[in-house]
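Accompanying notes for the structure given below.
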Amino acid sequence: MRSGWLDGRKGERGSDTFVKVCWDEALDLIAHEMTRVREEHGNKAIFGGSYGWASAGRFHHAQSQLKRFLNTIGGFVRSEGNYSYNAALVAMPHFVGGGFREHVVEATRWPVIAEHSDLVVLFGGLAMRNSQICDGGASRHRLADNLRLCAEKRVRFVNLSPLRTDVDASLKAEWLAPRPGSDTAIMLALAHTLVKEGLHDQTFLDRYTVGADRFIRYLQGTADDAPKSAEWAAEISGLEAGRIRALAREMAAKRTMIACAAGLQRADWGEQTLWACVSLAAILGQIGLPGGGYTVGYAVNAHVGNIARPFPWGRLPQGSNPIPAFIPVAMISEMLLNPGATYRYSGKTLTLPDCRLIWWAGGNPFHHHQDLNRLRRAFQRPETVIVNEINWTSTARHADIVLPVAAPQERTDFGGGQTDNILVPMPKAIDPPGYARTEYEIYADLARRLGVEQDFTEGRDEEAWLRRLWFDTQKTADSYGIPLPDWDAFIAGDIIELPDPSPAQVFLSGFRANPSENPRPTPSGRIELFSKTVASFRLDECAGHATWNIPHDLSSPAAKTYPLALVSGQPGTRLHSQYDNGTLSMDGKILDREPVLINPADAADRHVSDGDIVEVFNDRGRCLAGARVTSEIAQGAVFLWTGAWYDPDFDEPDHCDRHGNPNVLTHDLRTSEFSQSPAAHSALVEIRRLDGTPPRVRAHEPPQFGEHPDRKGPLA
Ligand SMILES: Nc1nc2c(c(=O)[nH]1)N[C@H]1C(S)=C(S)[C@@H](COP(=O)(O)OP(=O)(O)OC[C@H]3O[C@@H](n4cnc5c(=O)[nH]c(N)nc54)[C@H](O)[C@@H]3O)O[C@H]1N2
Ligand SMILES: Nc1nc2c(c(=O)[nH]1)N[C@H]1C(S)=C(S)[C@@H](COP(=O)(O)OP(=O)(O)OC[C@H]3O[C@@H](n4cnc5c(=O)[nH]c(N)nc54)[C@H](O)[C@@H]3O)O[C@H]1N2
Ligand SMILES: [Mo]
């Protein structure tokens, strides 16, 4: 427990000392505090959004356990969406219709691309490092094999990305490096060229879309006198106009797949990039054809375009949440700093809830959220912060109560990735070390103190729950004609591989074959290049069709002071911040700092050499990182991986992060009022060589426990 919380001191989260207390005392205090908050403010003052990836396992999944517990005591304020593709979740239903998660699951398979595509145009590359994982588990890595098929068939790849290595070398992709954040302009210019040269597919537009005329008028610049021509986009992106025009012609002449990385919508006006991508694909007219059309999110995990889950796995019932209040997931700082304020989201005007108690399990907001210095200020506001962790992360450091919980190796469970076809027995390998307990046990004990034990446990211990979840899985499998062994045989045995339900899937082929029988779930039943619904939102920066806007940092006066575009993608050596303290991640660091990739020309301008420690900074914050000078990164851009544990130096006025977490530099303005999504990829920075000895990185050090005069009881 944080010493200051026990003494009623606020304002010191992140820098305070901790004391050890025994489980009984901790749970008594939590029960007392939860009762107080609920009596004084109601359950609507408890925030249990608790975003994060946690670990694999169908039963012990951290968020599911927390949400079930909080629902048992009357509900909580939740969060909606994710950090991965939130703009797509909110915006794409308006112009393509349907949930975005299904889009990813229904993506055209790579073997189909190998067979039918001539050209794959990759906006944001196809990062092999990102395809190592999936939520809930990735059992086999299939992308490399599937790309080998593409190489054998001589499919041509064009990689538009700040990083050459965003595409596997075996594909021999042509590398174009537009300025980060300029993709929407390039997509619009490709569409403009197609229309101008009569290469667009009017039959497709007439049959499958609405609003093409409005969009085409925007492309032609009828209203704003700014044709979205190749020259116009060349100015914005730094690509040559001739190259953009030639690419448009090539796309029209060949069977072309347009692939947009999810990362591109994690940026200012990310919704517009998606809409521009869909609109460009519609104008090209190949949507629904084998190897043609578009996909958003290849390489967002191991499975997109590679495999799917044959049927849904059993899951822990979470109960129901009677509290209607929620926040879009990336509005966490906004909520804590401005309770009661109104904001726009998906066409609605909503109010930020007033949360007094935060409980976080299975996520690391002090890694994942943008503008960490702002998040630090926001985290001083609530009355109590509880964090369950298996590691002493920066989020644990910012809590009042840290509950040490069992890791996946320390509990029995079974694994099944959200989009995987393999079920994995996960028998416990060792007992939880130290005083750690499973989250289920903790909530069950707390539920007893709050008088709802039976509601939470339903009379089951962990093993009884596992048998029940496996039984549910078996029953569903049965209805698909797939026999599964019983629990005892499964947990003692090997993984179970199930058949791929849709190996030759082509995205939107049903819609193309018969649009009246398979209409899109949009108001018109078609793909909407102009949406009356979105136009009715009256957003300044979106007139109801894909629109180009200048990113915030670029249009600010500080753009001259901070000329380098910061890209902060996912790390190849870990999952986000998980196991940053492990050897694989540590081996990739430079003098214990996260590497920042910088082009030789940019490095020379700043007298930076490979291996130097540098300061990366802007008006929002500063961090230290290790310079990796490489021509794999475009000039004008720098790449700092996410996930180095945030390590603020409180002796420095700007709380410089000693370790290299990009989120001290990113902004928290979000994509736009359309979807309020995280916009991590839109930040400008400057870099200078650090003179003098860099301070020691302390992020991975365990806590130093202080003495607390009132708490000398034995640990139990
Ligand atoms: N700048 C920038 N920021 C980004 C992104 C970006 O592109 N750029 N990407 C964003 C994206 S897409 C995402 S998804 C987020 C990821 O953000 P997070 O999902 O928050 O990141 P993780 O490091 O996976 O955090 C999971 C935490 O859960 C803990 N944990 C693991 N298992 C358990 C368990 O069983 N119980 C409990 N209680 N805890 C457990 C781990 O120790 C770890 O601290 O980051 C986002 N942040
Ligand atoms: N090893 C590993 N794999 C992971 C994760 C991890 O932490 N570790 N995290 C997983 C998660 S939760 C997610 S959501 C996915 C994310 O998957 P993505 O969203 O696809 O990944 P990012 O790394 O954010 O971005 C992909 C690439 O886009 C490029 N890019 C960035 N900005 C721009 C731009 O403005 N224009 C263009 N053209 N390109 C740009 C970058 O070079 C980057 O490599 O990855 C998943 N895979
Ligand atoms: Mo993500």
Side-chain angles (χ1 to χ4, degrees), residues 50-57 60-63 65-66 82-86 122-135 138 159-166 176-184 186 237 260-267 273 296-302 330 360-370 387-396 403-408 410-411 413 438-439 551 565-581 633-634 637 639-643 645 661-663 665-666 678-683:
S50 188
Y51 180 78
W53 268 56
S55 290
H60 289 288
H61 180 243
Q63 279 83 10
Q65 291 283 347
L66 175 65
N82 60 35
Y83 278 70
S84 313
Y85 40 71
N86 200 66
L122 300 162
F123 289 92
L126 185 66
M128 286 298 285
R129 61 179 177 278
N130 285 357
S131 76
Q132 299 176 93
I133 58 86
C134 176
D135 48 333
N159 174 30
L160 293 102
S161 179
L163 204 57
R164 183 204 301 272
T165 48
D166 271 348
L176 302 175
R179 236 165 245 138
S182 64
D183 302 82
T184 305
I186 298 167
S237 66
C260 177
L264 265 66
Q265 49 87 72
R266 218 174 299 120
T273 310
V296 177
Y298 280 133
V300 79
N301 66 41
W360 219 293
N364 190 357
F366 279 89
H367 135 68
H368 72 226
H369 192 57
Q370 284 58 67
V387 168
N388 301 2
E389 255 300 345
I390 58 179
N391 284 292
W392 195 248
T393 62
S394 38
T395 299
L403 301 178
V405 302
E410 299 151 14
R411 55 200 192 200
D413 210 330
T438 66
E439 281 158 285
L566 173 75
V567 182
S568 51
Q570 313 292 34
T573 56
R574 55 184 178 257
L575 175 66
H576 315 128
S577 70
Q578 300 196 42
Y579 304 108
D580 180 43
N581 46 351
I633 180 88
F639 202 119
L640 180 56
W641 310 107
T642 59
W645 291 8
N661 187 310
N663 280 325
L665 305 160
T666 54
H681 281 317
S682 298

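A quick note: this is a predicted structure, and the numbers were derived from the prediction, not measured. Start at 1 and go down the list; that is how both ligands and their atoms are numbered.
Looking at atom 5 (C) of ligand 1, its nearest protein heavy atom turns out to be T642 CG2, 4.0 Å. What sits closest to atom 40 (C) of ligand 1 on the protein, heavy atoms only, is G362 CA, 3.8 Å. Looking only at heavy atoms of the protein, atom 26 (C) of ligand 2 is closest to G124 O, 3.9 Å. At the shortest separation from atom 30 (N) of ligand 2 among protein heavy atoms lies P162 CD, 3.9 Å. Atom 35 (O) of ligand 1 has its closest protein heavy atom at R411 NH1, 3.0 Å. Taking atom 8 (N) of ligand 1 as the reference point, the nearest protein heavy-atom neighbour is S568 O, 2.8 Å. At the shortest separation from atom 10 (C) of ligand 2 among protein heavy atoms lies I133 CD1, 3.4 Å. Nearest protein heavy-atom contact of atom 21 (O) of ligand 1 is H367 CD2, 3.2 Å. Nearest protein heavy-atom contact of atom 34 (C) of ligand 2 is D183 OD1, 3.4 Å. In this structure, the protein non-hydrogen atom closest to atom 31 (C) of ligand 2 is V567 CG1, 3.4 Å. Of the protein's non-hydrogen atoms, S55 OG, 3.8 Å is the one closest to atom 33 (C) of ligand 1.
Evaluated by nearest non-hydrogen atom to atom 18 (P) of ligand 1, the leading choice among H368, E439, Q63 is H368. Compare T438, N663, V387, L566 by their heavy atoms: the one nearest to atom 3 (N) of ligand 1 is in N663. Closest heavy-atom approach to atom 27 (C) of ligand 1 among the candidates G363, G643, P678, G52: G363. Looking at E410, E389, R574, it is E389 that brings a heavy atom closest to atom 42 (O) of ligand 1.
Of all the heavy atoms of H61, none lies under 4.0 Å from any atom of ligand 1, so neither backbone nor side chain is involved. With a heavy-atom cut-off of 4.0 Å, S577 touches ligand 1 through backbone and side chain alike. Contacts of H681 with ligand 2, taken as heavy-atom pairs under 4.0 Å, involve the side chain alone. When non-hydrogen atoms are compared, ligand 2 lies under 4.0 Å from the backbone of N130 as well as from its side chain. At a heavy-atom cutoff of 4.0 Å, ligand 2 is contacted by both the backbone and the side chain of A262. Contacts between V300 and ligand 2 below 4.0 angstrom, taking non-hydrogen atoms only, involve backbone and side chain alike. Heavy atoms of Q570 found under 4.0 angstrom from ligand 1 belong exclusively to the side chain. At a heavy-atom cutoff of 4.0 Å, ligand 2 is contacted by the side chain of R266 but not by its backbone. With a 4.0 Å heavy-atom cut-off, ligand 1 is reached by the backbone of N388 and by its side chain too. The proximity of Y85 to ligand 2, defined as any non-hydrogen pair under 4.0 Å, does not occur for either the backbone or the side chain. Within the 4.0 Å heavy-atom criterion, neither part of Q65 lies near ligand 1. Within the 4.0 Å heavy-atom criterion, neither part of Y83 lies near ligand 2. Neither the backbone nor the side chain of D135 comes within contact range of ligand 2; no heavy atom lies under 4.0 Å. Under 4.0 angstrom from ligand 1, the non-hydrogen atoms of N391 all belong to its side chain. In Q132, the part holding a heavy atom less than 4.0 Å from any atom of ligand 2 is the side chain.
Checked by atom type and distance alone, the side chain of R411 pairs as donor or acceptor with a backbone atom of A406 at under 3.5 Å. Listed for the S50 side chain is a donor-acceptor partner under 3.5 Å among the backbone atoms of A361. Between the side chain of N391 and the main chain of T393, no donor-acceptor pair closer than 3.5 Å is present. One N or O on the side chain of W360 and one on the backbone of Y51 form a donor-acceptor pair closer than 3.5 Å. When atom types are taken as modelled, the side chain of Q65 and the backbone of A62 share no donor-acceptor pair closer than 3.5 angstrom.
At least one N or O atom of Q578 sits closer than 3.5 Å to an N or O atom of ligand 1. Inclusion of S131 in the set of residues having an N or O under 3.5 Å from an N or O of ligand 2 is not warranted. Residue-to-ligand polar distances keep L163 apart from ligand 2: every N/O pair is separated by 3.5 Å or more. Residue contacts with ligand 2: H576 is placed with a nitrogen or oxygen under 3.5 Å of a nitrogen or oxygen of the ligand (distance criterion only). Inclusion of G181 in the set of residues having an N or O under 3.5 Å from an N or O of ligand 2 is warranted. The shortest N or O to N or O distance between P571 and ligand 2 is under 3.5 Å. Between T666 and ligand 1, a contact under 3.5 Å exists for no N or O pair. In terms of polar-atom proximity, defined here as any N/O pair under 3.5 Å, Y298 makes no such contact with ligand 2. Of the polar atoms of Q370, at least one N or O is found under 3.5 Å from an N or O of ligand 1, judged by distance alone. The shortest N/O to N/O separation between D166 and ligand 2 falls below 3.5 Å.
Between atom CG of residue N82 and atom NE2 of residue H368 there is a gap of 10.5 Å, rounded to the nearest 0.5 Å. To the nearest 0.5 Å, atoms CG (D166) and CG (N130) are separated by 8.0 Å. Between the CG atom of D183 and the CD1 atom of I186 there is a distance of 5.5 Å, given to the nearest 0.5 Å.
When side chains are defined from C-beta on, R129 counts as touching W641, because their heavy atoms get closer than 4.5 Å. A heavy-atom distance below 4.5 Å is found between the side chains of Q578 and S55. Counting heavy atoms from C-beta on, the side chains of H681 and L264 never come closer than 4.5 Å. For the pair L575/W53, a side-chain contact is recorded, criterion being any heavy-atom separation below 4.5 Å from C-beta on.
The contact set between ligand 1 and V405, taken as ligand atoms under 4.0 Å from a residue heavy atom, comprises 36 (N), 37 (C), 38 (N). Taking every heavy atom of Y51 and a limit of under 4.0 angstrom, the matching atoms of ligand 1 come to 14 (S). Atoms of ligand 1 lying under 4.0 Å from any heavy atom of T393, numbered from 1 in the order shown and given with element: 44 (O). Those atoms of ligand 1 with a heavy atom of W53 less than 4.0 angstrom away are 14 (S), 19 (O), 24 (O).
Using a 4.0 Å cutoff on heavy atoms, G263 does not count as a contact of ligand 1.
Take P551 and apply the side chain to side chain contact (heavy atoms under 4.5 Å, CB included) test, not counting sequence neighbours, and it matches D268, W548, L554. With sequence neighbours excluded, the residues satisfying side chain to side chain contact (heavy atoms under 4.5 Å, CB included) with S394 are N364, F366, Y646.
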